[in-house]
**Q** 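Could you have a look at this structure, given as structure tokens, before my questions?
Below, chain A is the first sequence line, B the second, and so on; all start at residue 1.
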Amino acid sequence: MPRGAGRLSLFLLFTPFLLWIVLLIVLPQIGIGYVSLREKVGINQYEFGLKNYLDFVGEPIYRNTLLRTAWMSILVTACALVIGFPVAYYIAKVAGERSRATLFLMCLIPLWVSDLVRAYGWIVLLRETGVVSSVLLRLGIIGEPVEMLYNDVTVVIGLVYTVILFMIVPLVSTLQGMDNALLEAGYNLGGSRLTVFRRIIVPYAMPGIVAGCIITFMLTAGSYLTPILLGGKNSSWFTEQIYNQFITRYNWEAGATFGVVLLVFTSLVVWVGLWVTGQSLATTVAKD
Amino acid sequence: ETLRLLTWGGYAPEELIKKFEAENPDIDVEVTLSNNEEMIAKLRATGGTGFDLAQPSHDRVYAAQVEYNIYKPLDLSKINVDKMTPKLVEGVKANTTIDGEVYSVPHQWGTSGIMVNKTLAPDATGWADLCDEKYKGRTSMRLRRTILLGTAFGMGMNPFDLYGDKAAYQDMLDKVTEKLIACKSIVKTYWTGGDDLSALMLSGEVALSETWDSTAFKIYAENPDIVFVPPETGALAWIDTFTIPRGGQADDAAYKWINFVLEPENVKIMSASTGAIAAVPNGIELLPEDKRAAVEAAFDEKDIENLKFFANIPPGLEDMEGIALERIQAASSQ
Amino acid sequence: MPSSPTLRWVYRAYVVIFFLYLIAPLLAAGAFAFNDSLFPSLPWRGFTLDWFFSPTEPKLGLLHDTRLLRGMGNSLYIGLIVAALAVAAGTTNAFLFERRQFPFKSALYILMIVPLVIPGVILGISILVFASMIANFADRQMGLFITWLRPGIPLIVFGQVAFLTTITSLVIAARLKKFDIALEEAALNLGASRLRVLTTVTLPFLFPAMFSAFIVAFLVSFENFNTTLMLVGSDAPLTIVMYDRMVKAGSTPVLNAVSVVLMLGSGLLALASVLIQRPRRAG
Amino acid sequence: MHDLSCTGVTKTFGPFTAVSDVSLDVPSGSFFSILGPSGCGKTTLMRMIAGFETPTAGDIRIKGESVVAVPPNKRNVKMVFQHLALFPMMNVGENIAYGLRCRGDNRADIKRAVTRILERIGLPGSEEKRIDQLSGGQKQRIAIARCMVLEPDVLLLDEPLGALDLKLREHMKIELKLLQHQFETTFLYITHDQSEALVMSDQVAVMNAGRFEQIGPPKELYQAPVSGFVAGFVGDSNCLPGRIVEVRGSEAEVALDGGGAVVGHLSDASANGDEVEVFMRPEALQIGAVDGVPGLDGTVDSLLFNGANSRVLVKLATGQLIEVADPSQVDTAGEGSSVRISWFPDRARIFARRYG
Amino acid sequence: MHDLSCTGVTKTFGPFTAVSDVSLDVPSGSFFSILGPSGCGKTTLMRMIAGFETPTAGDIRIKGESVVAVPPNKRNVKMVFQHLALFPMMNVGENIAYGLRCRGDNRADIKRAVTRILERIGLPGSEEKRIDQLSGGQKQRIAIARCMVLEPDVLLLDEPLGALDLKLREHMKIELKLLQHQFETTFLYITHDQSEALVMSDQVAVMNAGRFEQIGPPKELYQAPVSGFVAGFVGDSNCLPGRIVEVRGSEAEVALDGGGAVVGHLSDASANGDEVEVFMRPEALQIGAVDGVPGLDGTVDSLLFNGANSRVLVKLATGQLIEVADPSQVDTAGEGSSVRISWFPDRARIFARRYG
Ligand SMILES: Nc1ncnc2c1ncn2[C@@H]1O[C@H](COP(=O)(O)OP(=O)(O)OP(=O)(O)O)[C@@H](O)[C@H]1O
Ligand SMILES: Nc1ncnc2c1ncn2[C@@H]1O[C@H](COP(=O)(O)OP(=O)(O)OP(=O)(O)O)[C@@H](O)[C@H]1O
Ligand SMILES: NCCCCNCCCN
Ligand SMILES: [Mg+2]
Ligand SMILES: [Mg+2]
């Protein structure tokens, strides 16, 4: 290709990328970084400083909410992995060619409706006068209606529900790439089921596991409706703090600070995860 | 031309919009539902653009305007102020005049108090009952500033008197916070909207709850056992107003709408939808039959006397209240 | 390895239970669209289609609920624009990263993936804050009202495009990676111009991926809440309308009816994208 | 006693029979190949021996013990997979140690065994190499070492050279044979490449559509095929369709489809009037008339020079092309000249015609 | 005039020279092959001819006109790609019509041309078939037809048989040659498989590490290689390293590394004391002493039966294995017996030793 034309087309390809990444990602992030450093000293009076961060550190509820969010997100990620792995394995390796496509499609079902409707569905099911309680009552398994909403278990169930898809999809695609001959070689050389699982399947699926965990963790940590609607009085989720700052307290400075804190903190968790498993972002999440 | 309303649920009934559009064929009405905090947040974010008419409560206009400059002064000559209840107009004007310019006029008023299912909680009378051990798991409230104020009244304090003194106010907030955290194990859940609350009450899951009277009046029609009870310390009275955002682009249409909803036959429709009382002299009479019954069942003369109107929040207090609310939310109930 | 029938049975049962778990809340939300009651909860008061078709209050059906319909219209409009932009940018990104060499490529590649792991809220607030900074500046310094930098459809579009472009880029790049560059050379060799090669060989090959990227982007946009909530102005998309309705007004089973319609719509779209991927398994 | 024997092994997948009534006995220490076209059931048979499939009927015995009920990880047959199936997430040493670890050997023994086997396959000190750092031939050897370190009764190899390139394949053919000598283990080798099977094996079973057509040493298959399929599949052959017009003892005269007649050796029970095929190897043919032997006339179509494998393509009157070996390609008749092809009748083999 | 000629063509990638000073002339209507090992620069050369790479130096002329500045879509050389590169989103007819459409022919002409060419390649009426419905050999022919319909001055083929399986590859070798005859177009054919190059070509250029080592007709390359590389790459050869001890005219005596001495024909300018390699083809060797000819002693290591290509592996005292052709494998000495290998000195070729 002639040089000039190559340059021109490179430029043409670069323009949308740069517009997107600079205007919609990089500058806005810098923007919240900037706002987070403005401290309010009076009505319409601001100074530069770390006060917002100091406030964050000084106020136990913020710290605790962040830790709780992180801890619950890790829990949700772990549950999603444990629940999702057998399903992913079934789809990728056990199911026949045709049912595989159908099962995979069925995994996408939760995506068909929004978070809102999903949470709404759980509420309809789990509330004290909801379907589950009524059915159990009718069957005589419980004596009086039970409230299944507003506790951490429910929040976890609901969150696992919303994110498990993002665990299963990368798992299925890595597991599908695994040659069955590897498993057979594993057995042929004398491995038991457990050995083959531990030494062959898991290491092979590691990029998928890590990718799934990263996405799941980030989605959970950044979710809003599910923990709020299902957690009720006991919710307290870090994104809620951010929304609260912006939407009910119109305190953008604090909100931006929380945003930066959340981003840094979750990135840190992801980074530690990558480091522990010896993977990198480009080899896991980006893998097709 | 489009008239973009930023208002409360129920404050723009479909019937009225249709009628208004019929009378003004060149105007299209678009509605965004909101609440006090969000109205301010939204207008702050838009720099006062994006909406042509907003309806914050009277106590939430002043500080927001001073700090964020999101409204424009009203041209009172374009509003039929004389059709409104003079006392309410004066009250609102007093709260929302800055540099001699008036920023809002009243629209609907009502109270916050408690809603009681008489079969389940026959003797609930005040804010304090919401945290009574005997209703464990059977009460609800909205975790917003109203419950802070109500609880303070219930504890024998008067927060409005403390507005001038931040330290005292903080002191009061601390007590209220402590009380409400202790109360958390009693409360079944914090409701977030009228719908939520209606479902909780109608299903019988909740026996008593903090509420807007208007929501209570609506439920009364479904189940007459559920009534609004003005707390013995006085129901908290609010006035929802009209303001015009600074970047509004349809001022004429906005004034037309304000005047339109003052027409007696329209007031009727409006009140039927909001459950609240219009800021016109015969507001109560213009309520629909069933709601008027509910109001009459709820209020007697003494209650009306006892109303506590929300006072203007001075800038800064909201932050203190915000932190108090966050503490309560984050505290564990177990 | 041959496994015992019991084991296989247990495994299958587990998978079935899992799918029941996936479908349960949707069934629950869907079913109450047909309950002849003002509240979306038990007890069951009989079957009705009023929540879809009734023209009058109190059971105003979906088809007559102008706000929901307008929200749906907004969502549709936003979704189409967002999907088109994200697919366009995704396609150029795919070409950029699969075909070109340039300095700092791997760093920029990581940057391209990063939006995937930025929580939606943060994208929302960052775009809100950034746009407001510019708009406030213009307002204060020049007295200009730049309305499209204020919450509203343009900002929603920006916010959603911000993270969807990563997804579309990855989907399209994955397909482009499978493209045998010899096909382009063959076309050139047979006398085609570069433009013709692009339109007759490369883009047709990419089309299935572009199509499914479009569908995914559209569906995700249609459902997005976290980012949109921060950026919404007066033209709210459906999820926000529904949320506002639930929280601020009184929700009736009409919201369940909306859910049913959404499930059907997304289901059909998902099916379409699968079908278009299938028959011409070129590769 | 045989290291491996199968009796009447059959495997059906639904209505389809992949392996049908196959019996074989592999003597200890020998190199046994199964040769057949793609899809004939070779892999299925091998998978039954390894235990990944259960036979529908028949018995499989290893060192005399039936293993049909033994799970794959308990059978002492090891397998080299077609694409080798080396574990990509382990290095060379770990790959080889895998089986030993599964067996529960102690660390020191494992380390010693791995070192020793790497020496034996000529890759000493490669324990730490990653799999993707190895060349094709090295991978091959690691895959074999990974099995051999476990001292299996039988080593199964499923087309292990299929993925290698031409020159390397030639080389590995000889190397595999040497490795087998060195380990003195029984090898069961699958391939669809007849030259691999012929060069390496002590015994070859030719498989077609799930059945064994012939079992024997390579030379026997080449020189005395029992069926048209074997004659055509093993080694190059010209194949002329026709019909028997006269049987004379072990010979017969065949009238070719499209004209001409040839005399050849009757190799199966074909009788007068049967439709048959006559198989003649290129090296059994010669150009020029020879007294007292049959022949066919044609014209030289082209000369295909290929060193010692050079051929003359002769076009018969029927249009059919016949390959004639012509190793020297000196004074060969030029393209277009008329020639006569001759052969000794016993080197033309007549088999009943195959259908389908 | 030559259909294609290259003069001093060089291509460097950064510090690496992929093609170095290559010149070639392909006469009109001939079948010209470039034969060389993987990575020697064959594809790079072809891509320069097709216009996908620009030569660093040198000139490429087609029908006498320099095309270095002509973009690839304007050159009248068409190319059959290694993996064929048929357009999967178009059917057979559309694939063939593609080039005609680009040229702007009208619909009716295109339709006619497509029909005709499909007949010529023996696939009449397959216009509507999808590419994935074709067999390997059919795809091959479509790829050629797609180019030939444009009546190119030169057809380039980059290892087009590489992706086919063994039996089909044998078959397509002959078929390709026939197609070339039929179209009478100049073919430039790339391969690393010497038997393909030898069988099909009029002229073969042997390429190594970016350079041409020898250009000539197949027989010449086989019988009179000009370098050790050619001798080793074209056809099978045994290669014995040693050092010249005495030169006698065109012959020389070589003391082998590890012991023993052989006499052979000096093929390049090697002189007394030079390190050399002696190349001997398996078919030039025979087992058993022959009077007056040189020989080497060894023991029979193994017999590799492969029909007409059978070999005896003889292990020399030095441990080196020597392949000796033994087409019949009748009365061959058994494994382990001592034998002498003999050859005529003019069939042992001595070349300077290659390094690296
Ligand atoms: N699990 C299965 N279900 C159904 N049919 C099968 C199964 N496994 C193999 N087959 C069929 O059995 C036949 C034999 O397959 P097999 O893999 O044994 O052939 P092969 O001789 O190894 O061929 P190749 O040389 O191509 O590897 C094929 O027709 C194949 O389609
Ligand atoms: N674009 C390039 N940049 C750098 N090096 C290249 C490039 N293209 C080819 N090479 C190098 O040039 C050498 C010759 O490559 P080429 O593809 O021409 O080999 P080849 O003879 O066709 O091999 P094969 O038979 O494996 O196809 C190789 O070492 C290759 O790595
Ligand atoms: N704190 C002020 C509350 C104002 C409430 N307006 C309520 C409208 C409810 N439909
Ligand atoms: Mg096989
Ligand atoms: Mg090449």
**Q** Side chain, backbone, both or neither: which part of E:F81 has an atom under 4.5 Å from a heavy atom of chain C?
**A**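 Answer is side chain: those atoms of E:F81 sit under 4.5 Å from chain C.
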**Q** Compile the donor-acceptor pairs under 3.5 Å between side chains in residues 214-225 of chain C and protein atoms, sequence neighbours left out, one pair per line.
**A**
{"residue": "C:S221", "atom": "OG", "partner": "C:Q160", "partner atom": "OE1", "Å": "2.7"}
{"residue": "C:N224", "atom": "OD1", "partner": "C:T227", "partner atom": "N", "Å": "3.3"}
{"residue": "C:N224", "atom": "OD1", "partner": "C:T228", "partner atom": "N", "Å": "3.0"}
{"residue": "C:N224", "atom": "OD1", "partner": "C:T228", "partner atom": "OG1", "Å": "2.7"}

**Q** Which bit of E:K78 is near chain C, if near means a heavy-atom gap under 4.5 Å: side chain, backbone, both or neither?
**A**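 Both the backbone and the side chain of E:K78 come within 4.5 Å of chain C.
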**Q** Quick check on E:L86 against chain C: is it the side chain, the backbone, both or neither that has a heavy atom closer than 4.5 Å?
**A**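 The answer is the backbone of E:L86.
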**Q** When rounded to the nearest 0.5 angstrom, what distance separates CD in E:Q140 from CG in E:L161?
**A**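 E:Q140 atom CD to E:L161 atom CG measures 5.5 Å (nearest 0.5 Å).
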**Q** Quick one: sort the C:F205 and C:F179 rings into parallel, tilted or perpendicular, breaks at 30° and 60°.
**A**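 If you compare the ring of C:F205 with that of C:F179, the planes turn out perpendicular.
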**Q** Looking at E:Q82, E:K74, E:R146, which one has more heavy-atom pairs under 4.5 Å with chain C than the rest?
**A**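 When all of E:Q82, E:K74, E:R146 are compared, E:R146 has the most.
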**Q** Given a strict heavy-atom distance threshold of 4.5 Å, which part of E:R101 is in contact with chain C: side chain, backbone, both, or neither?
**A** both
**Q** Using a cut-off of under 4.5 Å on heavy-atom pairs, state which of C:N189, C:L188, C:D180 scores highest against chain E.
**A**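 That would be C:N189.
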**Q** Please work out whether the ring planes of E:Y189 and E:F31 are parallel, tilted or perpendicular, with thresholds of 30° and 60°.
**A**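 Judged by the thresholds at 30° and 60°, the geometry between E:Y189 and E:F31 is tilted.
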**Q** Does E:K63 NZ have over 12 foreign heavy atoms under 6.0 Å away?
**A** yes
